[in-house]
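Whatever order the structure lists ligands and atoms in, that order sets their numbers, starting from 1.
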Amino acid sequence: MFIDTGKLTIQPIHTTWLPKNISAAMLRLDTIHPVIQGNKWFKLKENIAAMQAAGQTLLLTFGGPYSNHIAATAAACQALDIRSIGVIRGEAPNEWSNTLIQAKAAGMQLEFVSRRTYREKENIDWAAQFPGAYIVPEGGNNALGVKGSEDILLHSDSTAFTHILAAVGTGTTLAGLVNAAQANQCVWGYSALKGSEGMEQAVAAYIHNHETPWKIWHDVSEGYGKTSQALFDQMNDFYWQTGIPTDIVYTGKLLLAWQRQLAAGVFPGGSNILVVHTGGLQGNLSLPPNVLDF
Ligand SMILES: *Cc1c(COP(=O)(O)O)cnc(C)c1O
């Protein structure tokens with residue numbers, strides 16, 4: 001198997017800014033594969049299984065030019081010898097992102113569409129244009145994506161943690177974590193988007209464990225993909241203190257928000273916090289060199 005869940009470990013976190021009466025660890029989903037890493041594999045695996053069970057051999061999905069989901073899907077389909085099509089938001093750029101270059105090199109057929117068409121993608125019959133295609137929504141956001149995400153906590157014992165934290169894009173991963181968590185654990189999501197208030201309803205539709213409390217923090221990101229020096233400083237500091245690299249879109253912002261919450265006393269003494277590293281490291285390649293120390 002090209003995914004190494006043996007590398008999926010819980011790493012204790014010791015930093016200067018972690019209060020003495022709080023303990024924390026990181027669930028390393030970023031280590032399972034260089035590209036098919038983090039939550040993306042978990043969201044894909046049940047979709048790929050369903051596609052194969054249906055005898056389909058072409059997978060079509062969607063994403064922006066820096067999408068971790070596009071990168072992971074292209075690499076997973078290459079490894080499994082599945083034909084893949086990526087419908088990419090926006091006209092083909094003059095200069096391709098590393099994500100697009102790698103996806104194409106992995107054999108993914110890229111179909112660039114206007115932003116307007118992309119917004120309408122849910123109303124378009126893609127299987128008519130690409131016969132036989134199995135459609136995976138943007139970000140792997142469907143019931144099978146949630147089902148796969150329920151396995152994230154399966155590979156290690158996380159029952160002793162009081163809080164489980166994860167970055168949120170569509171909330172698919174969060175829903176899976178909630179479904180798999182214990183009733184006495186809190187699952188908190190940190191939205192990487194701006195103006196994502198109200199997404200709870202869509203996430204709740206995927207949650208069948210009604211005992212575990214959960215919530216999404218929204219005032220975390222200056223905007224999807226927007227970066228700042230404070231973000232880079234925090235990511236570099238975390239790397240030097242723990243050896244763990246994070247990404248600029250999701251996990252770095254989660255860290256920044258978490259550190260602010262710790263300083264503000266949001267977590268009661270005695271909390272034992274598991275931070276899920278959802279991967280996404282390929283996205284850092286869009287930065288100029290030397291911004292990050294890793
Ligand atoms: C895609 C992604 C997320 C968001 O996952 P959702 O299931 O869409 O909420 C979080 N972290 C990283 C690193 C990602 O690539």
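- At least one N or O atom of Asn39, backbone or side chain, sits closer than 3.5 Å to an N or O atom of ligand 1.
- Figure legend: Lys45 and Trp41 shown without cation-pi pairing, the cationic atom not lying both under 6.0 angstrom from the six-membered ring centre and within 45 degrees of its axis.
- Counting the atoms of ligand 1 from 1 in the order shown, those under 4.0 Å from a heavy atom of Asn68 are 14 (C), 15 (O).
- Closest to atom 2 (C) of ligand 1, if we only count protein heavy atoms, is Lys40 NZ, 2.4 Å.
- An N or O contact shorter than 3.5 Å is missing between Asp247 and ligand 1 by distance.
- For atom 8 (O) of ligand 1, the nearest protein heavy atom (residue, atom name, distance) is Thr170 OG1, 2.6 Å.
- Not less than 6.0 angstrom separates the ring centroid of Trp258 from the ring centroid of Phe238.
- In terms of protein heavy atoms, atom 13 (C) of ligand 1 is closest to Gly279 O, 3.2 Å.
- Among all non-hydrogen protein atoms, the one lying nearest atom 4 (C) of ligand 1 is Gly169 N, 3.3 Å.
- Every atom of ligand 1 with a heavy atom of Gly280 under 4.0 Å away is listed here by number and element: 13 (C).
- Protein heavy atom in closest approach to atom 11 (N) of ligand 1: Thr278 OG1, 2.6 Å.
- Among pairs with a residue in residues 115-158, those fulfilling ring pair (Phe, Tyr, Trp, His ring centres under 6.0 Å) read Phe62-Trp126, at least two apart in sequence or across chains.
- Taking only nitrogen or oxygen atoms, main chain and side chain alike, Ala167 does not reach within less than 3.5 Å of ligand 1.
- Taking both residues in full, the closest heavy atoms of Ala181 and Ile164 are given as CB-CD1, 4.3 Å, listed atom of the first, atom of the second, then distance.
- Shown in contact with Thr173 at under 4.0 Å from a heavy atom are these atoms of ligand 1, numbered in order with element: 5 (O), 6 (P), 7 (O).
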